[in-house]
Amino acid sequence: MEMGIVQVGIGSVILYIEGNKLTKIELSNKKLDEKECGIFTEQIKQYFDGKRKTFDFEVKLTSGPVFQKIWDYVKKIPYGTTQTYGEIAKKLKTNPRVIGFAMASNPLPIYIPCHRVVSKKGLGGYTGGLEWKKYLLNLEKKYSQ
DNA sequence: TACGGAGGGGATC
DNA sequence: GATCCCCTCCGTA
C-alpha cells in the first residue's frame with residue numbers, strides 16, 4: 001500500500017494507493033510532510049491550485065449498488081455548484097437520509113465531491129470536519145468565476 | 001435482525 | 001421562528 005501526502009492551506013490530504021488505484025482519501029488538519037505519489041498527488045495539487053476541476057485517475061470503490069449509484073451521481077455535480085440532499089434523493093428515487101449515509105461512508109472525499117452536497121437549511125455535515133467543507137466550497141467558488 | 005445516520009416536511013406552540 | 005415527530009432505507013454488525 002502506497003501513500004501520498006499533499007499539504008494545502010487548511011491542512012493535509014492523505015492519499016492511499018493500492019496497485020494503480022486510489023482506495024482512500026483522508027483529510028487531516030495537521031501540516032504533514034509532503035510525499036509525492038505520481039499522478040495522484042499531482043492532480044490533487046492542481047485541484048487546490050484551481051487548475052483542475054475533474055480527476056481522471058483510477059479509484060477503487062467497494063460498497064453496495066445503491067451507494068455506487070449515489071456516488072456516481074454526486075461525481076457529476078458541476079464544479080462550483082451545490083445540490084441538496086433532498087434534490088438528489090428525489091432524482092435517485094430514494095431518501096435524503098440514504099444520501100447522507102452514503103456521503104458519511106464515502107471513502108474518497110474531494111474525488112467524490114460530497115462537499116457540493118448541502119442540507120436544505122444549511123451546510124449539512126462533513127466527515128473531515130465542516131472547516132474542510134467550507135474551504136472546498138470557497139475554493140471552487142473562487143476558481144469557477 | 002436490529003440499529004443508526006452529514007435530511008426533510010408537516011404539525012404544533 | 002423553534003421544537004417535536006414521524007417518514008424512510010441501506011450497510012454493517
Side-chain angles (χ1 to χ4, degrees), chain A residues 1-32 34-35 37 40-41 43-145:
Chain A
M1 162 102 76
E2 271 193 272
M3 212 173 129
I5 299 173
V6 179
Q7 205 178 100
V8 296
I10 190 175
S12 312
V13 181
I14 308 165
L15 309 168
Y16 296 89
I17 295 106
E18 218 171 304
N20 245 350
K21 298 185 178 184
L22 186 65
T23 57
K24 191 181 166 194
I25 297 180
E26 226 174 78
L27 304 175
S28 169
N29 52 8
K30 293 174 186 169
K31 299 260 182 182
L32 304 171
E34 293 216 327
K35 191 168 182 296
C37 194
F40 301 103
T41 47
Q43 293 197 12
I44 293 291
K45 273 187 192 173
Q46 289 171 348
Y47 170 81
F48 279 95
D49 280 339
K51 294 173 187 166
R52 173 175 283 278
K53 298 179 180 180
T54 54
F55 301 106
D56 57 10
F57 41 69
E58 293 281 317
V59 298
K60 185 180 160 194
L61 286 176
T62 50
S63 197
V66 178
F67 280 20
Q68 300 270 357
K69 205 170 80 174
I70 295 173
W71 293 336
D72 193 55
Y73 181 89
V74 172
K75 266 165 55 187
K76 291 176 187 164
I77 300 177
Y79 186 95
T81 67
T82 58
Q83 268 186 48
T84 63
Y85 296 96
E87 281 172 335
I88 297 168
K90 204 175 165 188
K91 289 262 185 189
L92 299 182
K93 291 173 183 168
T94 182
N95 259 297
R97 217 78 167 116
V98 178
I99 308 294
F101 193 22
M103 297 301 102
S105 50
N106 154 34
L108 301 168
I110 298 178
Y111 174 80
I112 294 173
C114 39
H115 54 277
R116 291 182 202 146
V117 184
V118 296
S119 158
K120 196 176 184 183
K121 296 178 181 174
L123 259 189
Y126 200 66
T127 308
L130 273 178
E131 294 304 311
W132 276 93
K133 192 166 191 171
K134 288 181 202 164
Y135 182 84
L136 293 170
L137 287 173
N138 191 48
L139 181 104
E140 298 198 349
K141 191 182 168 190
K142 186 172 150 193
Y143 287 112
S144 63
Q145 288 168 359

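Being a predicted model, the structure only gives us computed values, none of them experimental. To find a chain, count down the sequence lines: A is the first, B the second, and so on, and within it residues start at 1.
Base pairing analysis places B:dT1 opposite C:dA13; the two distances defining the Watson-Crick or G-U wobble pair are each below 3.5 Å. The partner of C:dT8 cannot be assigned: no Watson-Crick or G-U wobble pair with both contacts below 3.5 Å exists in any strand.
Tested against A:Tyr16, the residues A:Glu26, A:Lys24, A:Glu2 include a single side-chain hydrogen bond (donor to acceptor under 3.5 Å, both in side chains) partner, A:Glu26. With A:Glu140 as reference, A:Arg116 is the one residue of A:Arg116, A:Lys53, A:Gln145 to meet the side-chain hydrogen bond (donor to acceptor under 3.5 Å, both in side chains) rule.
Residue A:Ser119 has a polar side-chain atom (N or O) positioned under 4.0 Å from OP1 or OP2 of B:dG8.
Taking atom CE on A:Met103 and atom C1' on C:dC9, their separation rounds to 15 Å, with Å as the unit. Atom-to-atom, NZ of A:Lys134 to C1' of B:dA6 comes out at 14 Å; the value is rounded to the nearest Å. The distance between atom CZ of A:Arg116 and atom C1' of B:dA6, rounded to the nearest whole Å, is 17 Å. To the nearest angstrom, C1' of C:dC6 lies 12 Å from CG of A:Asn95. Remark: P of B:dG8 and NZ of A:Lys121 are 8 Å apart, rounded to the nearest angstrom. Atom NZ of A:Lys69 is separated from atom P of C:dG11 by 11 Å (rounded to the nearest Å). Here the P atom of nucleotide B:dG8 and the CD atom of A:Gln83 are 13 Å apart, to the nearest Å. Taking atom CD1 of A:Ile88 as the reference point, atom P of C:dC10 lies 17 Å away to the nearest angstrom.
In this structure, A:Lys35 contributes its side chain and A:Met3 its backbone to a donor-acceptor pair below 3.5 Å.
For A:Tyr79 and A:Tyr143, the gap between ring centers reaches or exceeds 6.0 Å.
The A:Phe101 side chain lies nearest to B:dG5 when the options are B:dG8, B:dG5, C:dT8. Listed nucleotides: B:dA6, B:dG8, C:dC10. Nearest to the side chain of A:Tyr85: B:dA6. Considering only side-chain atoms of A:Arg97, the nucleotide from C:dT8, C:dC10, B:dG8 that sits closest is C:dT8.
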TODO: Kindly indicate, with the supporting measurements, whether the criterion salt bridge (charged side-chain N to carboxylate O under 4.0 Å, His left out) is fulfilled by A:Lys45 and A:Asp49.
DONE: CA-CA 6 Å; A:Lys45 273 187 192 173; A:Asp49 280 339; over 6 Å; no
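Within the 4.0 angstrom heavy-atom criterion, no nucleotide atom of any strand lies near A:Ser105. Within 4.0 Å of A:Gly86, counting heavy atoms only, lie sugar-phosphate atoms of the nucleic acid but no base atom.
With DNA chain B read from its 5' end, the first of the two nearest nucleotides for A:Cys114 and A:Lys120 is the one closest to A:Cys114.
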